[in-house]
There are 2 protein chains.
Amino acid sequence: MHMASPLISPALTEQMLATPLFAGLPPDEVLRIAAAAHSKRLTAGEYYFLQGDPAERIYLLVEGRLKLTRAAADGQQALMRVVTPGTLFGALALAQAGDYPVSAQAADGSLAAYWLPLELMGFVQQFPALAINAMKIMADHVQEFQERYLQLATERVERRLARAILRLAAQTGRKTDEGVLIDLPLTRQDLAEMTGTTLFSVSRILNQWESQGLVKVGREKVVVVFPHGLVRIAEDLPGKKE
Amino acid sequence: MHMASPLISPALTEQMLATPLFAGLPPDEVLRIAAAAHSKRLTAGEYYFLQGDPAERIYLLVEGRLKLTRAAADGQQALMRVVTPGTLFGALALAQAGDYPVSAQAADGSLAAYWLPLELMGFVQQFPALAINAMKIMADHVQEFQERYLQLATERVERRLARAILRLAAQTGRKTDEGVLIDLPLTRQDLAEMTGTTLFSVSRILNQWESQGLVKVGREKVVVVFPHGLVRIAEDLPGKKE
DNA sequence: CGCTACGTTGACGTCCCTCAATTTCGGTGG
DNA sequence: CCACCGAAATTGAGGGACGTCAACGTAGCG
């Protein structure tokens, strides 16, 4: 079904040392945890897990990009998070025995390490710092979603899209001679699901921005040419009231 | 400035024993933690803390009701959570050294116990179960906000309002001979801020429901008369697409 | 080279926000 | 106990942002 063999690679331990979850742990301890890791490699489009699957693994992305999406009963989706290397996903499995609340799809070829909750729990008992770190990570997520919720409730589409693009550029941007390329194949539909709108609105707004010289767009591609212009759209006051 | 005297009351320890944060701890240990608690009493309208204040206390509500709201830069607000007795608030202070992301306002006379992060951290070192419990709580919050985010992005106002009312009825409802009263003074504005709409839309929808016999409304009052009708509105498929 | 998924563009409709005018309700003080 | 005041709530009219739908391009890939 999947590789369950331990994976001890320089790449993994390097990622782990830089990951907030393992911050402050003695390096040799991180090595021991790394030695207990399993690994799984996927190609573009495959899923690490689906929403509703029993949450029985905690993953750390080593290579590639992921999309975490959540679907409503009627099929409507929202793109909750884009995962980059060095980031945990499926971390809720650490705390709860329930099901994954999102689906995790590889956007390209990707490699992830994973542990079973019981395995990590053993380490948590020995190193409370691990638990504290995990709490920090979750607390960050709570805040992020509160913030996005507020923005979705109070801001209009163009501003939300500007924020999303800027966030993506900061998180996964790569400098090119044209500007900052968002290094991740995102369809208009994906951007719509990130911002709570439709692919049509995204398309219109992106093209409008392009004609203003703020961005360059292409098939599954956005390049930020003039970030300050987007910042103005994202920050300049007028919301929908006042 | 405030009472810093220890508070050891039967009411508090009872609350604590039932609180998820302390689940699974030896009762005498809970007593020790209770003995380290401070307390603060507020009257309606006062704040335990404001958004942006340094997060230096973790609170447990013992009596009364609270509203946790978050404001955007332009003053727009969202009502993130209603807190009932036995529930933690300001728990992000446990994990992070930052500022409170929300304001906590007493909806009526209320009493809360609190600890300083450092105090609780001592207990966390001794009882990793505390950390695990805290993670569970935060994980629940993450899920709840992901869910609300998805709903805000995909569902229309009437349905979101129906969900909110049902949630409130379950959380803070009190049986009367007319139906289930939401035992908390909520203005139309509050309901609007919970559901990402305007007080006008809330008013219209509530009155429409009243004329259908689903609810009875009054000044800062909602009584659910026919829950199933609301459930139908909340669950019946048609979203905005399909 | 043709299929398929992605993207664009226009027209149209509608949900719901905005704003203003009134009314109702609850509390307060005379 | 009643008059008064402010906050909450109602109601209507109007408009605009954005969703919906359909038709048509276009790029990538086998």
Side-chain angles (χ1 to χ4, degrees), chain A residues 43-45 67 72 74-79 105 107-108 151-162 182 184-211 215-223 233 238-242, chain B residues 43-45 67 72 74-79 105 107-108 151-162 182 184-211 215-223 233 238-242:
Chain A
T43 59
K67 298 174 190 170
D74 67 350
Q76 299 251 78
Q77 285 194 334
L79 208 171
Q105 185 181 33
D108 46 26
Q151 290 171 0
L152 185 54
T154 62
E155 296 174 353
R156 42 195 51 190
V157 172
E158 186 179 19
R159 173 167 304 197
R160 301 202 302 267
L161 185 59
I182 291 174
L184 174 70
L186 283 175
T187 66
R188 301 289 178 266
Q189 177 70 35
D190 288 329
L191 287 169
E193 288 177 1
M194 292 189 67
T195 49
T197 181
T198 61
L199 66 122
F200 307 102
S201 293
V202 172
S203 175
R204 275 183 245 271
I205 291 170
L206 285 180
N207 287 322
Q208 183 195 324
W209 286 350
E210 178 155 47
S211 71
V215 300
K216 277 183 182 279
V217 301
R219 189 191 179 81
E220 300 185 343
K221 180 174 78 104
V222 177
V223 180
I233 293 171
K240 67 177 110 172
K241 283 183 195 166
E242 274 167 327
Chain B
T43 59
K67 299 174 189 169
D74 66 351
Q76 299 251 80
Q77 284 194 334
L79 208 171
Q105 186 181 31
D108 46 24
Q151 289 170 0
L152 186 55
T154 62
E155 295 174 354
R156 42 195 53 191
V157 171
E158 187 180 18
R159 172 165 306 197
R160 300 202 304 267
L161 185 59
I182 292 175
L184 173 71
L186 284 175
T187 66
R188 304 288 178 266
Q189 177 70 35
D190 288 330
L191 287 169
E193 288 177 3
M194 294 188 66
T195 49
T197 180
T198 62
L199 69 120
F200 308 101
S201 293
V202 171
S203 175
R204 274 182 246 270
I205 291 170
L206 285 180
N207 288 322
Q208 183 196 324
W209 287 350
E210 178 156 46
S211 72
V215 299
K216 278 184 181 280
V217 300
R219 189 191 180 84
E220 300 185 344
K221 180 174 77 107
V222 177
V223 180
I233 294 171
K240 63 178 117 176
K241 284 182 193 165
E242 267 163 329

Discussion item. Going by side chain to side chain donor-acceptor pair (under 3.5 Å), name the residues that satisfy it together with A:Gln77, two or more places apart in sequence or in a different chain.
Written reply: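 A:Gln77 satisfies side chain to side chain donor-acceptor pair (under 3.5 Å) with no other residue.
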Please state how far atom [atom1] in [X] lies from atom [atom2] in [N], giving the value in whole angstrom units.
X	N	atom1	atom2	result
B:Glu193	D:dA8	CD	C1'	14 Å
B:Leu191	D:dT10	CG	P	11 Å
A:Glu158	D:dA17	CD	C1'	12 Å
A:Gln76	D:dT20	CD	C1'	12 Å
B:Glu155	D:dG19	CD	P	15 Å

Worksheet item: With the sugar-phosphate defined as primed atoms, P, OP1 and OP2, and the base as all remaining atoms, what B/S/- string results for nucleotides 4-10 of chain C, 5' to 3', for protein heavy atoms under 4.0 Å?
Response: -BBSBBB
Quick check: closest heavy atoms across [X] and [Y], and the distance to 0.1 Å?
X	Y	value
B:Lys67	B:Ala107	CE-CB, 4.2 Å
A:Gln208	A:Glu158	NE2-OE2, 3.9 Å
B:Ala192	B:Leu199	CB-N, 3.5 Å

Discussion item. Quick check on D:dC18: is either OP1 or OP2 less than 4.0 Å from any side-chain nitrogen or oxygen of A:Ser201?
Written reply: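 No, because none of the side-chain N or O atoms of A:Ser201 sits under 4.0 Å from OP1 or OP2 of D:dC18.
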Worksheet item: Is a side-chain donor or acceptor of A:Thr195 paired with a backbone partner of A:Leu191 at a separation under 3.5 angstrom?
Response: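 Side chain of A:Thr195 to backbone of A:Leu191, a donor-acceptor pair under 3.5 Å: yes, one is there.
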Item to complete: Output all residues satisfying side chain to side chain contact (heavy atoms under 4.5 Å, CB included) with B:Gln105, sequence neighbours left out; order by chain, then residue number.
Response: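 Expected list: B:Tyr47.
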